[in-house]
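Chain letters run A, B, ... following the sequence lines, proteins first and then strands; every chain starts at 1.
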4 protein chains.
Amino acid sequence: MAARAGRGADAASAQTGDPNLWDRVENASARRVLQAALVSFSERGYHATTTRRISQRADLSPTAMYAHYRSKMDLLVVISEIGHAAVLEAVDAAIADGTDTTDRVRRLVRTFTAWHARNHTVARVLQYEMRTIPAERFGPIRALRRDTEARLRDLLRAGIAESVFAIGDLEVATVSILSMGIDVARWYDGEPDPTALADAQSELVMRMIAVPNQERSEIG
Amino acid sequence: MAARAGRGADAASAQTGDPNLWDRVENASARRVLQAALVSFSERGYHATTTRRISQRADLSPTAMYAHYRSKMDLLVVISEIGHAAVLEAVDAAIADGTDTTDRVRRLVRTFTAWHARNHTVARVLQYEMRTIPAERFGPIRALRRDTEARLRDLLRAGIAESVFAIGDLEVATVSILSMGIDVARWYDGEPDPTALADAQSELVMRMIAVPNQERSEIG
Amino acid sequence: MAARAGRGADAASAQTGDPNLWDRVENASARRVLQAALVSFSERGYHATTTRRISQRADLSPTAMYAHYRSKMDLLVVISEIGHAAVLEAVDAAIADGTDTTDRVRRLVRTFTAWHARNHTVARVLQYEMRTIPAERFGPIRALRRDTEARLRDLLRAGIAESVFAIGDLEVATVSILSMGIDVARWYDGEPDPTALADAQSELVMRMIAVPNQERSEIG
Amino acid sequence: MAARAGRGADAASAQTGDPNLWDRVENASARRVLQAALVSFSERGYHATTTRRISQRADLSPTAMYAHYRSKMDLLVVISEIGHAAVLEAVDAAIADGTDTTDRVRRLVRTFTAWHARNHTVARVLQYEMRTIPAERFGPIRALRRDTEARLRDLLRAGIAESVFAIGDLEVATVSILSMGIDVARWYDGEPDPTALADAQSELVMRMIAVPNQERSEIG
DNA sequence: GATGAATGAGGATTCATTCAT
DNA sequence: TATGAATGAATCCTCATTCAT
């Protein structure tokens, strides 16, 4: 069984993305269960994943997961919370490194895209199983998503104010830029290299929002 | 239940998008079943949709669908085939109307985006349940997707050759542009107006790929 | 489809045994349905046979059988009645041809065995689906079976009285002799030739019941 | 329901024959399920038996059987394998006890018949549901049946070589003798006593195959 | 913490049969 | 006579979860 071979940290990380993501889950069994769930949810979707499959992939008995999680939905919620928090953290770190608005947007997009490529397994769960999470548990996730989106929107708005960006419809621009990164989760399977992809997409985005050369030179 | 009220053609089309889409399903019951499945698949996903729900929404007995479709999976496949075919048709029609490469790309993007907004219910099924379709039935769908993607790629390539587009990475550009339209299915819920959205997105795309003004003026 | 090829009388009789058996069913469609049911009941059993299968094999629509028979059970009952009646008729004809008790028993056994070989398709239904027929419809069939058994028992009793047979337990002998013929339905698949099999089995039976040579010569 | 009353070992064995037969099924629930299935398969046939009935008769929830068996078919296969193995074991034990060929045949027949009377519930399943078992699982059962048949055939052949048996057609004799025992499963319902029946049938068989007195005295 | 057995709810699907045509 | 559509009942089985150990 592949799961058996993949029990080690390295093999697993190939499927589950950045290994540090799951560091906060301290118990080893609990982490294995979570990663097994993650891979299955990503491959087949939440409803098509059985708790037995998860357990098998984690090399545990069918009921072992209940020692660590209250339910299958719990697994999805935890994965989703960790994932969404990680995206926001990455985005915030990227912004912090930026020197000016243009640079910050470029870094944000590059990071966002690279994250979705590198962590496309988690990303798929975040995006495709959002609707699966019941309203009463969705609150924190919604907040994280809104915050992430707000980071970009605020930068775009700032750039417009600074006259470095020319954007017709701020909302459409915000969501469209994020779409390019989010949708990476759907099609990405290792190619191209996350960094290369991130560079290419961020370049496209910058051209999309930049004030056209002529006008800028006129202004400058 | 809302479904009961929605049995009429108009109410249903509000949920199922362009009513002509389902014209090719001639039997009225078969069409109602298909539309009921469509709405449920879109709202809750394939696996979370029960055949009973579908039948109920179609105002038929729990087993009536089996007179028209061999299985629940059949419904998904038919929906997916019709939907993907419709996208390609729309794209082809848009291209045919264009006057030059730039115009054709703009029309393609506008149409693609508008289609995904107007038919976001179907579009959600097309994008989110692709992995659910078993390999042996996926062939025709894959072909349609590849063709649709090829339409854009070919136009971009032509524009580069004509020096009206400046694109660093053709593949990334192709998929990123489509991502903006595809991802509309995820977030769209009636706002903004499909035409307005299509105009805004196509404008973003055109700026993204157009040769910068300066250079172009140099050439002209 | 094999059924289509086998629609003619000759091909069908290969599977359904003596074609005259079904002559009394005058309507051609009704007869085709009956023979289709017969073959399926024999091959897979009554409960594993669907009415759709029967109709298909008879080259008719799934509901066509209801024009001729009230239910699936009706088919089984009719087949069973015709079959059991035919066995008794054959046995009676065999007895009628016999010259003395010994000859009559030999002819009865030979005929009984040959019938089960030649009509093993029907015979299998008669024997294996007996318990399937509900009590309220089983009366006539029970009568036919009792009569057939009585024919042999009476002959054996007569032979004992005439001192041509030496039999310890009349009941066990009766049923055991019939078992040899009945069980042919279970294993027979065309080999050996029904006549050869009938000769061999009847010889075994005659030795089984005949007064031993020594004693007979003493008596004579 | 009678099943509830029959939960005790003794009551069950009245229906399921030799209780030792099921000893190899160690888990008590699994054994109860198996015996419940056995009785139902025997009474109504495999296809007419629902898994619910089996569970009810075993005093378990409708799904409890799935903890022990993978499917309803699994139950049939296990029953069939255990049953056929038991027949062969009984036959082998009988042969081992014999002093010469004639004695061995007599013992074989007596044992075979008595087994089918005593275990007529299992025997009915073995004989009537053979065709129900799919080819890919039938291998071991076919082997057991062939072995059992070979035991008799080999003895008959030996007896012919030793001139203690006079048999026209070895194959017909082999199958006909077994038929007498097998068919007991069809009609037996407690009468006569298995031993008495076995004695009567074995006597019939011995007369059927023995070299006639006269000839034998000539030889001796 | 971990497990094997057990369970209730529900799932897709099949089936014999009916009905309108 | 024949059919396509429709249906209610039932079937096998799966699933997430619980419980005793």
Side-chain angles (χ1 to χ4, degrees), chain A residues 27-30 32-33 37 46-55 58-76, chain B residues 27-30 32-33 46-55 58-75, chain C residues 27-30 32-33 37 46-55 58-76, chain D residues 27-30 32-33 46-55 58-75:
Chain A
N27 180 289
S29 287
R32 279 223 315 286
V33 168
Y46 176 83
H47 283 110
T49 296
T50 70
T51 55
R52 283 187 138 70
R53 260 194 106 80
I54 296 171
S55 309
D59 265 328
L60 290 167
S61 86
T63 56
M65 57 160 276
Y66 289 97
H68 304 286
Y69 301 92
R70 283 234 289 274
S71 66
K72 186 176 137 184
M73 181 51 74
D74 238 45
L75 286 166
L76 177 58
Chain B
N27 181 291
S29 290
R32 279 222 314 284
V33 168
Y46 177 84
H47 283 109
T49 296
T50 71
T51 56
R52 281 185 142 70
R53 274 192 95 83
I54 295 172
S55 308
D59 263 330
L60 289 168
S61 84
T63 58
M65 58 159 278
Y66 290 96
H68 304 286
Y69 302 92
R70 283 233 280 271
S71 64
K72 188 175 128 181
M73 181 50 76
D74 233 47
L75 286 167
Chain C
N27 180 290
S29 287
R32 279 222 314 285
V33 169
Y46 176 84
H47 282 110
T49 297
T50 70
T51 55
R52 282 188 139 70
R53 260 193 107 80
I54 296 171
S55 308
D59 266 329
L60 290 168
S61 86
T63 57
M65 57 160 277
Y66 290 95
H68 304 286
Y69 302 92
R70 284 234 287 271
S71 65
K72 187 176 138 185
M73 182 51 75
D74 238 46
L75 285 166
L76 176 57
Chain D
N27 181 291
S29 290
R32 280 223 313 286
V33 168
Y46 175 84
H47 283 109
T49 297
T50 71
T51 55
R52 279 189 141 70
R53 275 194 93 85
I54 295 172
S55 307
D59 263 329
L60 289 167
S61 85
T63 58
M65 57 160 277
Y66 290 97
H68 304 285
Y69 302 93
R70 282 234 280 272
S71 65
K72 189 175 125 180
M73 181 51 73
D74 233 47
L75 286 166

- Take atom CZ of B/Arg52 and atom P of F/dA9, then tell me their distance rounded to the nearest Å. 11 Å
- Task: For B/Arg53 and E/dG10, give me the distance from atom CZ to atom C1', rounded to whole Å.
- Result: 13 Å
- Just compare E/dG1, F/dA16, E/dA12 and give me whichever is closest to any side-chain atom of B/Thr50. E/dA12
- Query: Looking at CE of C/Met73 and OH of C/Tyr46, how far apart are the two atoms once the value is rounded to the nearest 0.5 Å?
  - Reply: 3.5 Å
- Message: Between A/Tyr69 and A/Leu76 (side chain of the first, backbone of the second, donor and acceptor by atom type, cut-off under 3.5 Å), is there such a pair?
- Response: no
- Select from B/Asn27 and D/Pro62 the residue whose nearest nucleotide in DNA chain F is closer to the 5' end of that strand. B/Asn27
- Message: Among F/dC13, F/dA5, E/dG4, which nucleotide has an atom closest to any side-chain atom of B/Ala67?
- Response: F/dA5
- Query: Could you state the NZ-C1' distance from D/Lys72 to E/dT14, rounded to the nearest angstrom?
  - Reply: 13 Å
- For A/Thr49, answer base if it contacts any base atom (sugar-phosphate contacts may also be present), sugar-phosphate if it contacts only those atoms, and nothing otherwise; contact means non-hydrogen atoms under 4.0 Å. sugar-phosphate
- Query: Now, which nucleotide makes the Watson-Crick or G-U wobble pair with F/dA20, with each of the two distances under 3.5 Å?
  - Reply: E/dT3
- Task: Go through the N and O atoms of the side chain of A/Ser29 and the base of E/dG1, and report whether any donor-acceptor pair is under 3.5 Å.
- Result: no
- With A/Tyr66, the side-chain contact (heavy atoms from CB on, under 4.5 Å) member among A/Thr51, A/Val33, A/Asp74: A/Thr51
- In this structure, CD1 of C/Ile54 is separated from CE of C/Met65 (nearest 0.5 Å) by 6.0 Å
- Query: Would you say D/His68 reaches E/dA6's phosphate, i.e. side-chain N/O to OP1/OP2 under 4.0 Å?
  - Reply: yes
- Note on the structure: On a heavy-atom basis, the closest approach of A/Asp59 and A/Arg32 is O-NH2, 4.0 Å
- Message: On DNA chain E, compare the nucleotides closest to A/Ser61 and C/Ala48; which residue's is nearer the 5' end?
- Response: A/Ser61
- Whole Å only: how far is the NE2 atom of D/His47 from the P atom of F/dC12? 9 Å
- Message: What is the separation between atom CZ on A/Arg70 and atom C1' on F/dA16, rounded to the nearest whole Å?
- Response: 15 Å
- Message: Output the rounded distance in Å from CG (A/Leu60) to P (E/dG4).
- Response: 11 Å
- Between the base of E/dG8 and the side chain of D/Thr63, is there any donor-acceptor pair under 3.5 Å? yes
- Spacing between D/Tyr66 atom OH and F/dT14 atom P, to the nearest angstrom: 7 Å
- Find the distance A/Arg32:CZ to E/dG1:P and express it as a whole number of Å. 15 Å
- Query: A/Thr51 or D/Met73: which one's nearest nucleotide on DNA chain F is closer to the 5' end?
  - Reply: D/Met73
